[in-house]
Amino acid sequence: MTQTSPTIRVDQHGGAESMHLVDLPVGDPGPGEIRIRHHACGLNFIDIYQRSGVYPMPMPLALGMEGAGIVEAVGSGVTHLKVGDRAAYASTPPGSYCRLRVMPAKCVVKLPEVIGFETGAAMMLKGLTAQYLLRKTLPQGGLRAGDFVLFHAAAGGVGLIACQWARSLGLQLIGTAGSDEKCALAREHGAAFTINYRSEDFAARVREITGGAGVKVVYDSVGKDTWDKSLDCLRPFGLMASFGNASGVVPPFAVGTLGAKGSLYVTRQTLFTHIATREATQAMADELFAVVASGAVKIRIDQHYALKDVAQAHRDMEARKTTGCSVLLP
Ligand SMILES: NC(=O)c1ccc[n+]([C@@H]2O[C@H](COP(=O)([O-])OP(=O)(O)OC[C@H]3O[C@@H](n4cnc5c(N)ncnc54)[C@H](OP(=O)(O)O)[C@@H]3O)[C@@H](O)[C@H]2O)c1
């Protein structure tokens with residue numbers, strides 16, 4: 001008998017109201033696939049880009065890139081998962097805003113017993129992102145204990161994980177956030193310094209904090225609003241690591257600017273290049289599970305929503321009302 005699952009679908013790019021709850025048939029997994037029954041699904045800013053069309057997507061589109069639950073069926077050729085396993089993922093194709101789905105097994109990993117389903121659903125996309133940023137997206141010569149880095153939106157989902165992870169590496173993370181309360185939260189989670197970038201000139205403050213030297217890396221997911229000033233925060237040969245566009249897409253820029261501002265490097269990173277193979281995904285997940293299991297990084301879930309209330313979740317994220325991670329309960 002074919003099962004069905006409540007699923008959030010978008011038929012046309014648009015605002016939060018363009019998401020609909022539909023009941024979709026869910027079949028058996030094909031070769032290389034599994035069927036997973038979610039206990040929780042993660043909410044991410046990328047879901048907003050895909051819904052709105054900032055990242056154009058084929059329609060109709062089942063949204064959502066992160067989840068955790070129990071493996072219910074396994075297709076041929078899948079050897080690393082079996083029926084009954086607790087599992088979690090951050091993965092393409094989208095479609096995690098649902099109770100039950102069939103998906104490629106490649107990006108799904110076993111979830112350690114010590115990590116709950118909600119935590120697993122909240123942390124995979126955001127935690128693997130913090131992992132590749134702080135561990136692999138590095139300036140020439142790498143990062144050492146004591147080095148300064150600037151991390152925008154430090155009180156958000158990726159942000160609070162990055163604050164804690166940076167502290168555990170001995171880095172001095174300067175975090176920006178959109179209110180004094182959010183700044184306090186980032187400091188509680190390990191940011192060495194914070195700047196309210198709605199009320200302060202963050203480039204001037206970074207110069208002050210670093211004694212005029214600047215930081216070795218800027219991790220920038222805010223995009224349009226922070227791009228120019230972020231370049232002014234870097235020391236010579238510093239790395240501008242762009243990884244998002246919460247305020248809008250970074251406009252084209254003159255490459256000569258990088259020379260004039262101190263022979264800077266620029267990269268635009270995306271998680272999905274890093275997790276292209278099962279081996280790479282597992283290695284990154286192992287590192288993430290280790291920092292969470294040790295308590296060095298705590299996954300803070302500040303918002304829970306029922307699947308039917310997904311429009312409210314998106315509105316809250318877009319209005320900068322959220323802190324830490326958000327999950328959907330299917
Ligand atoms: N490239 C990748 O591999 C990758 C992977 C994961 C996430 N990301 C990016 O990383 C960022 C964080 O993701 P997340 O899911 O954890 O979201 P989040 O940080 O919880 O939410 C985004 C935050 O961006 C800040 N922001 C600044 N200007 C904004 C604006 N005009 N509108 C809305 N928000 C604004 C807000 O914090 P303040 O109020 O404190 O400014 C907001 O809370 C996103 O840009 C996301 O796309 C990229």
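Just so you know, ligand 1 is whichever comes first in the structure, and atom 1 is the first atom listed for that ligand.
Nearest-residue assignment for atom 10 (O) of ligand 1 (options Phe45, Phe243, Phe272, Tyr49; heavy-atom criterion): Phe243. By heavy-atom distance, the residue among Met65, Lys126, Arg320 lying nearest atom 33 (C) of ligand 1 is Arg320.
Ligand 1 lies out of reach of Arg198, whose nearest heavy atom is not under 4.0 Å from it.
Considering backbone and side-chain atoms alike, Gly156 places every N or O at 3.5 Å or more from each N or O of ligand 1. Distances between N or O atoms of Ala153 and those of ligand 1 include no value under 3.5 Å. Note: no N/O pair closer than 3.5 Å links Thr176 and ligand 1 by distance alone.
Nearest protein neighbour of atom 5 (C) of ligand 1, counting heavy atoms only, is Thr129 OG1, 3.1 Å. The protein non-hydrogen atom at the shortest distance from atom 39 (O) of ligand 1 is Lys182 NZ, 2.6 Å. Nearest protein neighbour of atom 40 (O) of ligand 1, counting heavy atoms only, is Gly178 N, 2.8 Å. Atom 2 (C) of ligand 1 has Tyr132 OH, 3.2 Å as its closest protein atom, hydrogens excluded (heavy atom only). Counting only heavy atoms of the protein, atom 18 (P) of ligand 1 lies nearest to Gly157 N, 3.8 Å. The nearest protein atom to atom 41 (O) of ligand 1, hydrogens excluded, is given as Tyr197 OH, 2.4 Å; this is a heavy-atom distance. For atom 16 (O) of ligand 1, the nearest non-hydrogen atom of the protein is Val158 N, 2.9 Å. The shortest contact between atom 30 (C) of ligand 1 and any protein heavy atom is with Ala246 O, 3.5 Å.
What you find for Asp220 and Gly223 is that their closest heavy atoms are OD1-N, 3.1 Å.
Listed by number with element, the atoms of ligand 1 under 4.0 Å from a non-hydrogen atom of Arg268 are 1 (N). Applying the 4.0 Å criterion to heavy atoms of Ala177 picks out, from ligand 1, the atoms 40 (O). Residue Glu318 has at least one heavy-atom neighbour below 4.0 Å for each of these atoms of ligand 1: 32 (N), 33 (C). Atoms of ligand 1 found under 4.0 Å from any heavy atom of Thr270 (numbered from 1 in listed order, with element): 1 (N), 2 (C), 3 (O). Against a heavy-atom cut-off of under 4.0 Å, Leu125 is close to the following atoms of ligand 1: 5 (C), 6 (C). Each of the atoms 27 (C), 28 (N) of ligand 1 lies under 4.0 Å from some heavy atom of Val222. Near Leu271, the atoms of ligand 1 lying under 4.0 angstrom from a non-hydrogen atom of the residue are 2 (C), 3 (O).
Taking the six-membered ring for Trp and the full ring otherwise, His38 and Tyr97 have centroids separated by 6.0 Å or more.
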Which atom pairs, one a donor and one an acceptor, fall under 3.5 Å between side chains of residues 104-116 and the rest of the protein, sequence neighbours left out?
from	atom 1	to	atom 2	distance (Å)
Lys106	NZ	Ala276	O	3.0

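Here the straight-line distance linking atom CE of Met19 with atom CG of Leu61 works out to 11.0 Å at 0.5 Å rounding.
Residues Glu17 and Arg315 meet the side-chain proximity criterion, which asks for heavy atoms closer than 4.5 Å.
With sequence neighbours excluded, no residue forms a salt bridge (charged side-chain N to carboxylate O under 4.0 Å, His left out) with Glu188.
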